[in-house]
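Structure first, then comments.
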Amino acid sequence: MKIFFYYFQSAFKNIWREKWINLLTILSISIGLLILCAFALLSLNMDSVLRHWSKGFGIVVYLDEAISKQEEKDIENQFLNDPDIIKVNYISKEQALIDVRDTLGTDAVILDNIKENPLPSSFEIKLKNDLLNASYVKDKSSELRKMKSISEVQYGEQWLSSLNTISETMMTGAAILGFAIFIAVTFITYSTIKIFFYRRKDEVETLKLLGATKSFIRVPFLVEGLFIGVMGGILSSLTVFSAHSFATLRIAEFMPSIRSSLAILPYSAYIAIPVAGALMSLIGSYIAVGKIRY
Amino acid sequence: MIEFSRVTKYYDQEIVLKDITISIDKAEMVFLAGPSGAGKTTLLKLIYCAERPDEGKIVVAGWDVRTLKQRTIPFLRRNLGVVFQDFRLLKNKTVFDNIALALRIHDMHPAEIKEDVYEVLEDVKLAHKAQTYPPHLSGGEQQRVVIARAMVAKPTVLLADEPTGNLDSDTSFNIMNLFRDINTRGTTVMIATHNEGLFQGSGSRVIHLKENEIDMETVG
C-alpha cells in the first residue's frame with residue numbers, strides 16, 4: 001500500500017512540474033475524443049433517420065388474375081406464419097381501384113371508360129427492421145416470386161440499396177475514425193510520456209542502480225499517462241454534455257417538433273469517454289516507457 | 001561475501017579484465033588500487049551487475065552474478081550500497097528525498113523512512129542540510145550524501161568508486177573515517193581508488209590492478 005502512495009505522489013509531483021505540457025496533451029486528447037463524440041452523435045442521428053424511413057418500407061406481392069378466394073387465404077396464412085414478416089395487409093382488386101382513384105383525384109375520370117377492373121389483388125407485407133438489407137430483401141422477393149399464384153413482387157430496390165449504402169458508409173466511417181482517434185490519442189500520450197521519460201533518464205538510471213524493480217520505475221509514468229487520458233476524457237465529456245444541453249435548449253425554443261426525434265448520447269457514454277481516454281493513454285504510456293533493462 | 005573466479009571481461013574484443021580471482025570475506029575492508037583504465041570501475045560494475053562477465057564466475061552475497069535473471073538483479077542490488085564516482089544525485093530532489101529513495105524501493109513506511117534517513121544524516125553530519133538540493137552542496141557534502149544513500153538501507157556490501165576523487169585532503173580524511181565506521185559495524189567495504197594515500201597505513205588488504213589484471217596484493 002505504501003508503494004502505491006509513492007507511485008501516486010511521484011506521478012502527481014511530476015504532473016505538476018510539467019503542468020504546461022500536460023495541459024496541452026490533455027487538450028489535444030480531449031479534442032480527439034470530442035471529434036469522435038461528434039461523429040458518434042451524427043451517426044446516431046443518421047441511424048435514427050434511417051430507422052424512421054425504414055418503417056415505411058414494404059414489399060408488394062401481386063396475385064394472379066385467376067386466383068381463388070381459398071388460395072388467397074392460404075397465401076395470407078403462409079405470410080402470417082412467416083417469422084420474418086411482421087405485418088400483412090391484403091388489398092383486393094376493388095380496394096386497389098379505389099386507391100388509384102383516390103391517388104388520381106380529379107383525373108380519375110380517365111378510369112370511367114374502363115369496363116373491367118384491370119388491377120390485381122395484392123398483399124403488402126412488412127419485414128422485420130433488422131432484415132431490411134438489400135441482399136436479404138432481394139432473396140426474400142425471389143423466394144416469394146416462386147410461390148404459386150403470385151404474378152409479381154415489387155419493392156423499392158434502389159431506395160433500399162441507397163439506404164443500406166448510407167448506413168454502411170456511416171459504419172465504416174465510424175470504424176475508421178475510431179481507429180484513427182485511437183492511434184492519435186495513443187501517439188499523443190506516447191510522445192508526452194517519452195519526453196518525460198527522457199527528461200528523467202538520470203533518475204531512472206539511478207533507481208535501477210539502487211535496486212528498484214521494473215514496476216517501481218514504470219508505474220509512476222503509467223499513472224501520469226492514465227491521469228492525462230482520464231482528464232482529456234472528462235474534459236471531452238463535459239464539453240459534449242454542455243454543447244448538447246445548450247443545443248437542445250435552443251432547438252426546443254425554435255423547433256420544438258424536432259426535439260423528440262433527436263438522438264442523444266446515452267449517459268453511459270459520458271463515463272465511457274474518460275474510460276476510453278484512459279485506456280488509450282495507458283497503452284501509449286506503456287509503449288513509451290518500453291522495456292527496462294538492467 | 002564476494003568471490004571472483006577466473007573472471008575475464010571484454011569491451012568490443014578489447015580485454016578490460018583478465019583472469020581475475022579474488023575472495024573477499026564478510027566485514028572485510030578491501031582497497032582496489034591501480035591507475036585509471038586498469039579496470040577498477042569495471043570490476044565494481046561486475047559486482048553490482050551493471051556488467052556481466054564473459055568468462056569465469058562471480059558470486060556476491062550468495063548470488064551467482066553470471067546467471068542472474070534480469071528480474072532478480074534489483075534484489076541483488078538491494079544488498080549492495082554503491083558510492084558512484086559521478087555521485088548520481090538527483091538535482092530536483094532534496095538531500096532527504098535522494099536518500100529516502102533507497103528506502104522507498106523497499107516499500108518501507110514513511111515514518112520509518114524518515115527515522116532512518118535522519119539517523120544516517122546524523123552519521124554523515126548533514127542533518128541540517130536535509131531539505132537542501134544537491135547543487136547547493138559542496139563536493140564533500142555531496143559525497144557524504146551519496147555515502148548516506150549507500151548505507152541507509154544497511155547493505156551487506158558497500159562499494160565505493162573513487163570516493164575522494166575531487167576532494168581536498170581534509171574532506172578525504174573525513175570520508176575515509178566514515179567508511180571505517182561503516183566497516184566496523186560489519187559491512188564489507190570495497191573501495192576503488194588510484195590515490196595511494198587513502199590506503200597507506202590503513203592495515204587493510206589492497207588489491208593492485210595493472211594492465212587489466214591483478215598485479216599483486218599488499219597490506220596498506
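Chain identifiers are assigned alphabetically (A, B, ...) following the order of the sequence lines, protein sequences preceding nucleic acid strands; residue numbering begins at 1 within each chain. Reckoned from all heavy atoms, side chains included, excluding hydrogens, waters and symmetry mates.
Legend: side-chain hydrogen bond (donor to acceptor under 3.5 Å, both in side chains) pairs involving residues 277-294 of chain A, not counting sequence neighbours, sorted by first then second residue: A:T189-A:S281.
In this structure, the separation between CD1 on B:I73 and OG1 on A:T213 is 12.5 Å, given to the nearest 0.5 Å. For the atom pair CZ of A:R200 and CG of B:L90, the computed distance is 11.0 Å after rounding to the nearest 0.5 Å. To the nearest 0.5 Å, atom OH of residue A:Y7 and atom CZ of residue B:R104 are 13.0 Å apart. The CZ atom of B:R71 sits 13.0 Å away from atom OG of A:S215, with the distance rounded to the nearest 0.5 Å. Separation of atoms CZ (B:R149) and CG (A:L210) is listed at 5.0 Å; rounding is to 0.5 Å.
Across A:I292 and B:Q70, no two heavy atoms sit closer than the pair O-OE1, 4.2 Å.
Heavy atoms closer than 4.5 Å to chain B are found in both the backbone and the side chain of A:K208.
For the pair B:R78 (side chain) and A:G211 (backbone), a donor-acceptor distance under 3.5 Å is present. B:R77 places no side-chain N or O within donor-acceptor distance of the main-chain N or O of A:A212, the cut-off being under 3.5 Å.
Atom OH of A:Y136 has more than 12 heavy atoms from other residues, nucleotides or ligands within 6.0 Å.
The closest side-chain heavy-atom distance from B:K91 to A:D202 is not below 4.5 Å.
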